[in-house]
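Accompanying notes for the structure given below.
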Amino acid sequence: MGFFKRKEEHIDPDNLPKHIGIIMDGNGRWASRRGLPRNVGHRSGAQTLKKITTLCSEMGVRALTVYAFSTENWKRPKAEVDHLMLLLKEYLSKAEEELAGKDNRIRVIGDITPFSEELKQLIAHIHKLTEHQTGLTLNIALNYGGRNEIVAAVRHIVQSGVKADEVDEALVEQYLYTAENPPVDLIIRPSGEMRLSNFLLWQSAYAELWFSNVLWPDFNEKHLRQAILEYQKRHRRYGGI
Ligand code: FPP
């Protein structure tokens, strides 16, 4: 039987995506299929995030940007929004002890102005605590929208008094939330949906996209490896030949 066994593929450590974006989709369906409330799906999704962050960090991925709450997610029932906020609070409060001994940097990206003072303080605390860490950067996108990010960048540029003919792509990039991170190489969207839903619109210009039917709470090491192996097979041409 061993004869028929497919040769196991290995991830090439020299061709790792430096920056991965993930749309953590499918929590609600995962819960409904089990007859559970949607909140249980989100809680399970938060556990998956911890595992995938550790795996990416161990592999040597430099940055991971995850879509945790979009500018459109306010349209959800208040109870669901409240629970997502609670999960974020729990996640950020525990991050300190869970990060002990790890070198990861945590940043929240997006417009956090509408969040509670408590959440804002937690975010500021975790930023300060991890700002000098040199391992993987985990960007948690909260009240984030790609269009909104570009509008905010343009506003800052105008406020800085930059002249129109000084505006170029490199300058706009300096004003995006991901300015300090390497370019986004790979975007992963589980749950069977095949769109970007306003995630990393500027940064996805040349990113490779990987879609799967797996629901986010079920996403595991096997899926991460599949996505990276597929990425490593792609020939990135950046508009050339
Ligand atoms: C989309 O699934 C997921 C979200 C809107 C929330 C993502 C949040 C988490 C994974 C957990 C919280 C994050 C942190 C950082 C603690 P969906 O609810 O749209 O699923 P569905 O499409 O199946 O309904």
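Whatever order the structure lists ligands and atoms in, that order sets their numbers, starting from 1.
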Inset, instruction - Could you state whether Tyr91 and Ile109 fall into the same hydrophobic cluster, counting links through intermediate Ile, Leu, Val, Met, Phe, Trp or Tyr residues with side-chain heavy atoms under 4.5 angstrom apart? - result: no
Inset, instruction - Just need the protein heavy atom nearest to atom 5 (C) of ligand 1, so name the residue and atom and give the distance. - result: Asn73 OD1, 3.6 Å
Inset, instruction - Determine whether more than 12 heavy atoms belonging to other residues, nucleotides or ligands lie under 6.0 Å from atom NE2 of His156. - result: no
Legend entry - Shortest protein contact, atom 10 (C) of ligand 1 (heavy atom only): Asn27 ND2, 3.4 Å
Inset, instruction - Between Leu49 and ligand 1, find which residue part has any heavy-atom pair under 4.0 Å and reply side chain, backbone, both or neither. - result: side chain
Inset, instruction - Under 4.0 Å, heavy atoms only, figure out whether ligand 1 is touched by the backbone of Glu193, its side chain, both or neither. - result: neither
Legend entry - Derivation and outcome, side-chain hydrogen bond (donor to acceptor under 3.5 Å, both in side chains), residues Asn181 and Asn139: CA-CA 10 Å; Asn181 304 130; Asn139 294 315; 2.9 Å; yes
Legend entry - Carboxylate-amine/guanidinium proximity below 4.0 Å for Glu9 and Arg225: no
Inset, instruction - List every atom of ligand 1 that sits less than 4.0 Å from any heavy atom of Tyr91, numbering the atoms from 1 in the order shown and giving each element. - result: 16 (C)
Inset, instruction - Give the residue, atom name and distance (to 0.1 Å) of the protein heavy atom nearest atom 20 (O) of ligand 1. - result: Gly28 N, 3.0 Å
Legend entry - Nitrogen or oxygen of Tyr67 less than 3.5 angstrom from that of ligand 1: no
Legend entry - Side-chain touch Arg62/His19, heavy atoms, less than 4.5 angstrom: no
Legend entry - Shortest protein contact, atom 14 (C) of ligand 1 (heavy atom only): Leu88 CD2, 3.7 Å
Inset, instruction - Return the option from Arg76, Arg29, Met24 holding the heavy atom at the smallest distance from atom 17 (P) of ligand 1. - result: Arg76
Inset, instruction - Answer with side chain, backbone, both or neither: which part of Val66 has a heavy atom less than 4.0 angstrom from an atom of ligand 1? - result: neither
Legend entry - Distance from atom 4 (C) of ligand 1 to nearest protein heavy atom, with residue and atom: His42 CE1, 4.0 Å
Inset, instruction - Between Ser70, Ala68, Gly26, flag the one that comes closest to atom 8 (C) of ligand 1 by a heavy atom. - result: Ala68
Legend entry - Arg189 and Ser197: side chain donor to acceptor below 3.5 Å: yes
Inset, instruction - Classify the side-chain pair His42/Asn39 by whether it contains a donor and acceptor separated by less than 3.5 Å. - result: no
Inset, instruction - Please indicate whether any nitrogen or oxygen in Arg38 is less than 3.5 Å from any nitrogen or oxygen in ligand 1. - result: yes
Legend entry - Close side-chain approach of Arg234 to Trp210, heavy-atom, < 4.5 Å: yes
Inset, instruction - Decide, yes or no, whether a salt bridge links Glu117 with Lys120 under the criterion of side-chain N to carboxylate O below 4.0 Å. - result: yes
